[in-house]
Amino acid sequence: MNQVISEIRLNDGLTLPTLGLGTYKLNGNEGANAIKQAIDIGYRLIDTAYNYENEGTVGEAVRRSSVPREELRITSKLPGRYQTYDKAIVTIQESLYRANLDYYDLYLIHWPNPKQDLYVEAWQALIDAKKQGLIRSIGVCNFLPEHLERLQKETGVLPSLNQIELHPFFNQEEQRQWHEKHNVKTESWSPIARANELLENEVLQQIADQHGKSISQVILRWHIQLGAIPIPKSASPERQLENISIFDFTLNEEEMERIATLTRPDGRLKNQDPAFYEEF
């Protein structure tokens with residue numbers, strides 16, 4: 001059963017589906033089969049990263065799929081250790097070689113790594129790689145407003161998208177408002193919080209029962225209605241289908257408000273605060 005996902009347009013004109021597939025830990029032949037199966041079900045946005053060590057797996061899934069390459073949106077990310085300009089350019093090329101793709105639709109700086117203070121240099125490399133046709137759209141992950149403002153000030157180019165930790169326990173309201181004001185799309189990593197705690201939450205269970213949906217479906221629908229793009233990861237065809245089957249119901253205002261009450265000041269899952277966290 002092939003599901004149809006709604007789309008949004010980025011500030012540079014590229015369209016993206018409003019829901020994608022995360023691929024962390026989907027590796028090798030099993031991973032390629034799981035990703036191909038997701039594409040068959042209807043996923044068109046596939047998220048990988050240099051540090052996931054599965055760009056080749058994603059590329060193989062693309063080749064195994066019967067969906068034309070131009071209908072897919074493949075994302076990868078630059079790791080922290082390669083943020084100098086020259087290393088970033090080579091890493092982007094290497095990323096493409098690993099996946100055996102001619103271009104990435106979206107390429108992101110994985111973390112700002114503020115102590116290194118190289119993210120502006122890395123951003124300039126992404127800008128140039130886009131001009132060279134290696135990337136169609138460029139963005140970042142885990143950047144705070146202060147980092148984004150600096151990119152704009154020093155290069156004149158704002159990211160098309162910022163992929164951030166976002167789930168009901170950490171709803172990132174201020175960050176999302178900044179994005180909206182500056183026409184930067186929000187993408188959510190760990191949208192279901194990698195945790196069983198959310199899946200046992202009474203508020204979410206009541207809302208799910210109201211709609212005859214699962215808690216996961218309610219959470220993913222909540223992301224969509226916030227204007228964010230969730231990228232849940234699953235290798236199971238049943239779960240992949242469940243995650244994508246969220247375009248036939250709507251949460252009302254009161255339900256959205258009830259979910260908003262679940263957020264916590266310390267809601268980050270692994271205490272990875274972009275103001276301090278350094279990725280290798």
Side-chain angles (χ1 to χ4, degrees), residues 3-24 26 31-32 34-36 38-52 54-79 88-89 91-110 122-123 125-143 151 157-164 179 183-189 191 223-224 227-233 244:
Q3 296 286 313
V4 177
I5 305 174
S6 59
E7 288 194 334
I8 53 142
R9 190 173 294 278
L10 303 180
N11 60 22
D12 55 15
L14 184 72
T15 57
L16 282 190
T18 52
L19 182 144
L21 180 78
T23 67
Y24 181 56
L26 297 181
I35 296 162
K36 177 202 176 282
I39 295 170
D40 291 344
I41 288 169
Y43 288 81
R44 294 293 177 265
L45 173 62
I46 312 292
D47 180 88
T48 180
Y50 195 95
N51 272 350
Y52 299 170
N54 70 350
E55 290 168 316
T57 297
V58 168
E60 180 60 24
V62 169
R63 282 183 294 284
R64 290 182 187 182
S65 155
S66 58
V67 173
R69 168 68 184 94
E70 61 272 14
E71 289 181 22
L72 299 172
R73 298 289 182 266
I74 312 295
T75 306
S76 196
K77 311 183 194 86
L78 180 77
I89 292 286
T91 303
I92 293 164
Q93 293 166 344
E94 193 64 45
S95 267
L96 287 167
Y97 297 155
R98 285 173 165 202
N100 196 13
L101 295 173
D102 295 330
Y103 62 91
Y104 279 107
D105 298 279
L106 190 58
Y107 203 86
L108 314 174
I109 299 175
H110 211 152
W123 184 241
L126 264 63
I127 291 169
D128 291 349
K130 183 183 176 188
K131 286 177 187 159
Q132 292 161 21
L134 302 179
I135 308 167
R136 294 178 71 194
S137 187
I138 54 176
V140 293
C141 305
N142 308 300
F143 274 48
L151 291 184
V157 180
L158 258 182
S160 62
L161 172 150
N162 188 12
Q163 186 187 114
I164 56 174
H179 289 171
N183 197 17
V184 174
K185 291 298 179 199
T186 302
E187 193 170 56
S188 320
W189 62 260
H223 284 274
I224 302 281
I229 304 168
I231 45 171
K233 183 198 89 176
I244 213 173

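As the structure is a prediction and not an experimental result, all values here were calculated from the model.
- Nearest heavy-atom pair, Thr57 versus Ala32, reported as atom, atom and distance to 0.1 Å: CG2-N, 3.3 Å.
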Just do the side-chain contact (heavy atoms from CB on, under 4.5 Å) check on Tyr50 and Arg98 with the steps written out, would you?
CA-CA 9 Å; Tyr50 195 95; Arg98 285 173 165 202; 3.2 Å; yes
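- In this structure, Glu187 CD and Ile8 CD1 are separated by 8.5 Å, a value rounded to the nearest 0.5 Å.
- A pairwise comparison of heavy atoms in Glu70 and Arg73 identifies O-NH1, 3.0 Å as the closest pair.
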Report the C-alpha distance between Val140 and Leu151 in whole Å, list the side-chain angles of each, state the deciding distance to 0.1 Å, and finish with yes or no for side-chain contact (heavy atoms from CB on, under 4.5 Å).
CA-CA 10 Å; Val140 293; Leu151 291 184; 4.1 Å; yes
CA sep, side-chain torsions, deciding dist, call: Asn162, His179, side-chain hydrogen bond (donor to acceptor under 3.5 Å, both in side chains):
CA-CA 8 Å; Asn162 188 12; His179 289 171; 3.1 Å; yes
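- Distance check: Leu10 CG to Leu16 CG gives 4.5 Å after rounding to the nearest 0.5 Å.
- The side-chain heavy atoms of Thr91 and Pro79, taken from C-beta on, include a pair separated by under 4.5 Å.
- Not one N or O on the side chain of Asn183 forms a donor-acceptor pair closer than 3.5 Å with the backbone of Asn11.
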Determine, step by step, whether Lys233 and Asp47 satisfy the salt bridge (Lys or Arg N to Asp or Glu O under 4.0 Å) criterion, reporting the C-alpha distance in whole Å, the side-chain angles of both residues, the deciding distance to 0.1 Å, and the verdict.
CA-CA 9 Å; Lys233 183 198 89 176; Asp47 180 88; over 6 Å; no
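- For Arg136 and Asp12, the salt-bridge test fails: no basic side-chain N is under 4.0 Å from an acidic carboxylate O.
- To the nearest 0.5 Å, atoms NZ (Lys77) and CD (Gln163) are separated by 4.5 Å.
- Between the side chain of His223 and the backbone N or O of Ser188, no donor-acceptor pair lies under 3.5 Å.
- Counting non-hydrogen atoms of other residues, nucleotides and ligands closer than 6.0 Å to OH of Tyr24 gives a total of 12 or fewer.
- Considering only heavy atoms from C-beta on, Leu72 comes within 4.5 Å of Arg44 through its side chain.
- Arg69 places a side-chain heavy atom less than 4.5 Å from the side chain of Ile74.
- Considering only heavy atoms from C-beta on, Asn142 comes within 4.5 Å of Trp189 through its side chain.
- Atom CD1 of residue Ile41 and atom NZ of residue Lys36 lie 10.0 Å apart, to the nearest 0.5 angstrom.
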For Tyr107 and Leu96: C-alpha separation, side-chain torsions, deciding distance, then whether side-chain contact (heavy atoms from CB on, under 4.5 Å) applies.
CA-CA 11 Å; Tyr107 203 86; Leu96 287 167; over 6 Å; no
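- In terms of heavy atoms, Asp105 sits closest to Ile135 at O-CG2, 4.4 Å.
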Could you give me the CA-CA distance, side-chain angles and deciding distance for Tyr43 and Leu19, then say whether side-chain contact (heavy atoms from CB on, under 4.5 Å) is met?
CA-CA 8 Å; Tyr43 288 81; Leu19 182 144; 3.5 Å; yes
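- The distance from the CD atom of Gln132 to the CG atom of Asp128 is 6.5 Å, given to the nearest 0.5 Å.
- Taking both residues in full, the closest heavy atoms of Ser160 and Leu106 are given as OG-CD1, 3.8 Å, listed atom of the first, atom of the second, then distance.
- Pairing each heavy atom of Ile244 with each of Gly42, the nearest pair is CD1-C, 3.8 Å.
- Between Glu55 and Ala49 the shortest heavy-atom distance is CG-O, 3.8 Å.
- Between the side chain of Trp123 and the backbone N or O of Val157, at least one donor-acceptor pair lies under 3.5 Å.
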